[in-house]
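Every chain is numbered from 1, with letters handed out A, B, ... down the list of sequences.
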Amino acid sequence: MHITLHLLAADAPAQLLPARELMAFTLASHIILVPMGVALPLITLVMHSIGLRRNDATALLLARRWSAVMAVQFAIGVVTGTVLSFEFGLLWPGLMGKWGDVFGIGFGVEAWAFFLEAVLIAIYLYGWRRLKPRTHFLLGLPLPVTALLGAFGILAANAWMNTPRGFSLDSQGKPVDVNVWKAVFTPMFGPQYWHFVVAMLLTAGYVVAGVYAVGWLRGRRDRYHRLGFTVPFTLAAVATPVQFFLGDSITRQVFQKQPVKFAATEIVWKTDSHVPEYLYGRLHPDGSISGGIKFPQLDSILAGFSPDTVVTGLSSVPASDRPNATQATIAHWAFDTMVVAGSLLLLLALWYGLVWLRHRRLPDSKWFFRGAACAGVGSVIAVECGWITTEVGRQPWIVYQNMRVAEAVTSTRSTTLWIMFGLVIVVYVFIFGAFLTVLLKMRDRWRLADAETSGRPDGRPVDAPEAVTPYGPRPAVPAGDAPSSGDGDSTASRGGDA
Amino acid sequence: MAEFVAFVLLLAVAAYACGGGTDYGAGFWDLTAGGTERGKRPRWLIDHAMAPVWEVNNVWLIFVLILMWTGFPVLFQTVFTAMWLPFALAALGMVLRGAGFALRKPSRRLARRRLYGAVFAIASLLTPFCLGAAVGAIASGRIAPGTEASAHAWATPASLLFGLLTVAGTALLGAVFLTADAKRFDAPDLVGYFRLRALAALVAVALTAVGVLLVTRGDAPHVWHGLTHGAGLALAIVSAVFFVATGLLVLRGQTHWARFSAVGIVGAAVFAWGLAQRPYLIPTSLSVADAAGDSQTLLWLSVVSLVALLFVLPAVFFLYWLDTHGELEPLTDADLRPTGPLRGDAVDGD
Ligand code: HDD
Ligand code: HEM
Ligand code: HEM
């Protein structure tokens with residue numbers, strides 16, 4: 001065993017590490033934007049429909065402002081996603097060259113989903129002014145469906161990497177006789193897909209609601225903030241228990257279909273029954289565990305509802321075919337962090353639900369709103385951790401039991417890759433920093449506009465943007481009830497402090 | 001089946017060359033628009049003309065990549081291994097460009113707008129050049145399955161000239177579309193401005209095209225043969241006819257029609273190249289049949305492409321139609337401020 005370990009270390013090409021780091025970094029960055037891309041259109045449409053149905057100017061204003069955010073965020077999502085597509089070729093040519101025709105078809109579906117999504121979102125974002133309100137809303141309506149379709153493609157590909165099938169190998173080990181249907185609907189696909197979709201809804205809901213929770217904590221308790229908080233938070237709170245349930249079921253699927261990954265995420269060394277559950281804790285190369293909180297028998301019970309359930313251990317496969325102790329520990333910590341985050345979110349959602357059932361209002365407690373303000377960050381952390389569990393837990397395989405990561409990696413020199421990695425970090429820090437600055441600036445501008453409209457003393461005029469209407473007046477957006485007050489100047493509807 | 005998928009691939013490349021090319025061209029003219037004051041109006045037009053459609057144009061590229069790795073995995077592997085650097089630079093340029101563009105619009109401070117603008121403009125030059133250079137390497141057969149990443153593959157006159165031709169082509173598309181946009185946005189001064197640039201770009205395209213043909217003759221005998229015979233020749237002639245037509249239309253100020261003929265130049269040229277390469281994806285080492293993936297995958301890929309044709313094309317054309325008819329406008333600051341007091345309750349008091 002010692003020899004294989006050494007062999008493995010010597011075998012691993014030098015460019016593997018930078019390639020992995022680069023892939024992980026770009027994916028982790030892209031994935032931050034994905035919940036917004038998948039679920040923000042839905043949340044916005046819900047707000048939009050409230051605005052239209054009740055003829056509610058505040059709801060429409062919120063929907064319009066979220067659209068403005070979406071316009072910027074969508075663009076960043078597109079470019080970081082394009083980088084990922086390039087990286088498949090730049091970093092993992094071996095993967096694509098050998099398996100591209102087996103698992104690529106999911107991406108084909110994704111491509112036309114992206115097409116429809118990009119078209120519809122352009123129409124939605126830029127259609128506020130000219131299209132008829134109803135037409136505009138109806139054209140936005142398919143957006144959530146296209147988002148689900150896009151997620152379908154990506155998740156099909158990822159689930160295939162976890163539980164590959166739908167092909168047979170010829171004498172030279174080349175995949176032949178592809179069965180596309182089987183390759184798309186792999187055993188892990190269903191569990192991963194639903195767990196993922198609900199995660200996206202929940203994350204987007206908590207992130208958006210968090211913004212208004214902060215405002216609430218700072219004393220802005222107008223209807224605008226209440227609506228901006230309630231709609232996304234309710235959606236997310238409903239999704240949370242569902243997600244908890246789905247998380248429990250995906251864990252059991254991993255137990256059955258990817259036993260070695262399960263052993264890594266639960267740091268189980270020896271195949272046995274009555275296996276204890278560790279909350280955190282570190283696995284050492286000799287199989288011992290230090291630190292962490294131990295719950296006797298719990299792991300077996302969770303996996304198979306009985307302490308007699310036999311759980312496969314890491315040592316059941318050769319060291320060269322399983323994650324090493326460090327990787328197992330990483331996957332384990334990521335998994336536990338996701339579960340902790342999920343549990344905290346569940347508590348928050350229950351609090352909200354109970355207060356609502358009993359009093360039909362928002363909770364009063366400052367602590368509730370503090371929790372709500374953090375919920376967005378918490379769910380993004382859960383998403384990141386979930387992916388780390390999935391990807392690191394699969395090591396050293398890129399295609400489980402069929403191709404090692406080391407076989408897939410590019411032959412480009414490691415120095416080149418490290419330089420590229422450095423460049424990408426610089427570029428991404430710049431982009432995400434700028435993105436954040438732009439969002440904060442937008443918020444400041446809107447806050448000023450709100451203060452101005454409600455006639456507060458600090459309502460300085462908004463610093464003139466590069467002229468709202470450079471070439472003559474344009475029609476204002478039809479804004480629900482209030483006859484909108486021309487362009488650029490809303491003093492006409494100044495109503496004083498109500 | 002492989003033939004059909006290869007055809008769809010070529011179609012997608014042509015669509016990206018036209019759609020994406022127009023965007024890159026707009027970026028090119030942004031770069032050359034001069035100082036802040038002088039360049040203010042052209043930049044304003046560029047922002048407004050590009051905004052609603054660039055993301056859709058970008059998806060063509062994604063579609064090309066997916067068709068490549070699903071339909072012709074070996075092609076994808078070969079191309080990305082051998083031409084690591086140009087593709088890495090193109091990807092980097094693409095990120096910077098998209099981000100620079102998206103961030104410039106909502107930024108207010110001049111210094112920031114300048115920074116994002118510069119990033120956007122420079123990247124608009126880098127990316128098409130790198131992609132063009134990669135095409136040059138393919139056409140001249142410099143790479144073959146198994147070629148390692150090295151400058152050898154793409155640091156050649158063929159790559160350089162293909163890169164320059166690509167940049168010139170994007171500049172032409174950009175200028176022609178912006179001329180029409182200037183009319184649409186009622187900015188007569190900019191009509192003349194971009195018309196002049198369209199003519200300059202036509203000259204640049206002509207010069208670089210001659211250069212490309214010369215190196216093709218020497219470096220890429222297979223493609224040269226294809227371009228001088230049969231379908232390749234016919235399309236090359238079509239492209240040339242469109243070229244003359246574009247020149248005339250631009251001179252006469254019929255910018256509306258010039259857009260179609262400019263797209264015709266680029267589209268026909270891409271098809272001429274693709275057909276000239278037949279039956280190879282990379283002359284003369286990788287044929288369509290050799291590179292083709294599993295037959296069932298190709299069948300499904302064709303189905304996916306047909307669905308795309310049925311659903312996506314109408315949607316995309318609807319978007320282009322809405323855009324060119326001025327139905328799409330960004331939200332202005334006025335739309336994003338409340339129309340009434342926020343502190344009270346709902347007007348209809350629910
Ligand atoms: C808000 C996000 C979120 C929350 C609260 C949870 N998860 Fe999760 N989880 C994800 C977001 C996520 C994810 C990012 O969406 C993953 C990554 C890969 C995937 O398909 O979904 C994921 C993957 C993932 C996997 C790995 C699947 C694989 O490797 O194939 C397991 C075992 C769990 N989850 C289990 C849970 C459990 C038991 C939770 C209990 C509360 C939980 N998740 C909450
Ligand atoms: C279709 C979906 C995905 C594909 C095809 C994919 C592919 C890959 C590949 C090729 C690698 C490098 C090989 C390896 O180390 O396993 C990798 C690693 C990794 N990916 Fe994924 N990935 C997908 C989704 C994600 C997502 C969405 C994330 C979210 C952050 C993610 C996180 C990671 C991480 C953290 C690593 C590094 C693993 C390590 O360091 O060992 N993956 N993935
Ligand atoms: C290896 C994995 C991934 C690759 C190769 C990838 C690729 C891409 C590409 C190419 C785009 C740009 C599409 C366009 O031009 O419109 C994009 C954007 C997007 N991606 Fe990813 N992606 C990956 C992971 C994910 C995951 C796991 C999801 C979850 C569903 C996802 C969801 C999205 C969404 C919703 C967008 C639209 C942009 C946005 O709204 O932010 N991506 N991705």
Side-chain angles (χ1 to χ4, degrees), chain A residues 56-57 61 64-65 68 72 75-76 78-79 82-83 85-86 89-90 93 96-97 100-101 104-105 107-108 111-112 114-116 118-119 122 126 128-130 178 180 222-224 411-412 420 427 431 434 438 446 449-450 453-454 465 468 471 477 479 481-482 484 487-488 490 493 495 497-498, chain B residues 44 52 55-56 58-59 62-63 65-66 69-70 73-74 76-77 80-81 84 87-88 91 94-96 98-99 102-103 106-108 148-149 186 293-294 296-297 300-301 304 307-308 312 315-316 319 327-347 350:
Chain A
D56 182 337
L61 177 66
R64 279 201 301 272
R65 285 184 174 173
V72 187
I76 312 273
V78 167
V79 291
T82 309
V83 170
S85 302
F86 271 82
L90 294 174
M96 306 319 280
D101 56 340
I105 205 83
F107 288 108
W112 52 265
F114 276 148
F115 257 126
L116 291 176
V119 168
Y126 294 92
W128 282 99
R129 304 191 114 250
R130 292 283 174 98
V178 176
V180 168
D222 42 34
R223 179 153 189 286
Y224 173 81
S411 54
T412 307
M420 194 66 194
V427 167
I431 288 176
V438 164
W446 293 341
D450 294 352
T453 321
S454 37
V468 173
Y471 297 101
V477 178
D481 51 10
S484 88
D487 234 345
S490 47
S493 57
D497 235 342
Chain B
W44 172 87
E55 275 147 352
V56 174
N58 188 61
V59 189
I62 310 296
F63 201 51
L65 294 179
I66 291 171
W69 78 52
T70 311
V74 183
F76 187 74
Q77 179 175 16
F80 271 80
T81 305
W84 202 89
F87 278 116
M94 216 160 307
V95 187
L96 285 172
L103 294 168
S107 302
R108 291 294 136 93
E148 292 291 309
D186 270 337
D294 190 88
Q296 219 215 347
T297 305
W300 278 91
L301 198 57
V304 167
V307 172
V312 172
V316 171
L319 177 70
E327 291 289 327
L328 300 179
E329 281 182 9
L331 288 164
T332 64
D333 268 12
D335 301 328
L336 296 174
R337 32 167 91 189
T339 46
L342 290 175
R343 313 211 103 222
D345 242 324
V347 191
D350 54 328

Handout entry: Spacing of CG belonging to Leu301(B) relative to CG belonging to Asp101(A), to within rounding of 0.5 Å
Key = 10.0 Å
Practice task
Heavy atoms only: give me the nearest Ile66(B)-Ala111(A) pair and the separation to one decimal.
Solution key: CD1-CB, 3.6 Å
Practice task
Quick one: closest heavy-atom pair of Val79(A) and Met94(B), and the distance?
Solution key: CG1-O, 3.7 Å
Handout entry: Sequence-distant partners of Phe76(B), ring pair (Phe, Tyr, Trp, His ring centres under 6.0 Å), two or more places apart
Key = Trp69(B), Phe80(B)
Handout entry: Point-to-point distance, once rounded to the nearest 0.5 Å, from CG of Leu319(B) to CZ of Phe115(A)
Key = 11.0 Å
Fill in the blank from the handout: Shortest non-hydrogen pair, Ile105(A) vs Thr70(B), comes out as N-CG2, 3.7 Å
Problem - Counterpart residues, side-chain contact (heavy atoms from CB on, under 4.5 Å), relative to Ala88(B) (two or more places apart) - result: Leu90(A), Met420(A), Trp84(B)
Fill in the blank from the handout: The interface call for Val427(A) against chain B, heavy-atom contacts under 4.5 Å, is side chain
Practice task
Mind listing the closest non-hydrogen atom pair of Ala118(A) and Val59(B) along with its distance?
Solution key: CB-CG2, 4.1 Å
Problem - Heavy-atom closest contact (Gly97(A) atom, Pro73(B) atom, distance) - result: O-CB, 3.2 Å
Problem - Point-to-point distance, once rounded to the nearest 0.5 Å, from OG of Ser85(A) to CD1 of Ile62(B) - result: 4.0 Å
Problem - Spacing of Thr81(B) atom OG1 and Met96(A) atom CE [to the nearest 0.5 Å] - result: 12.0 Å
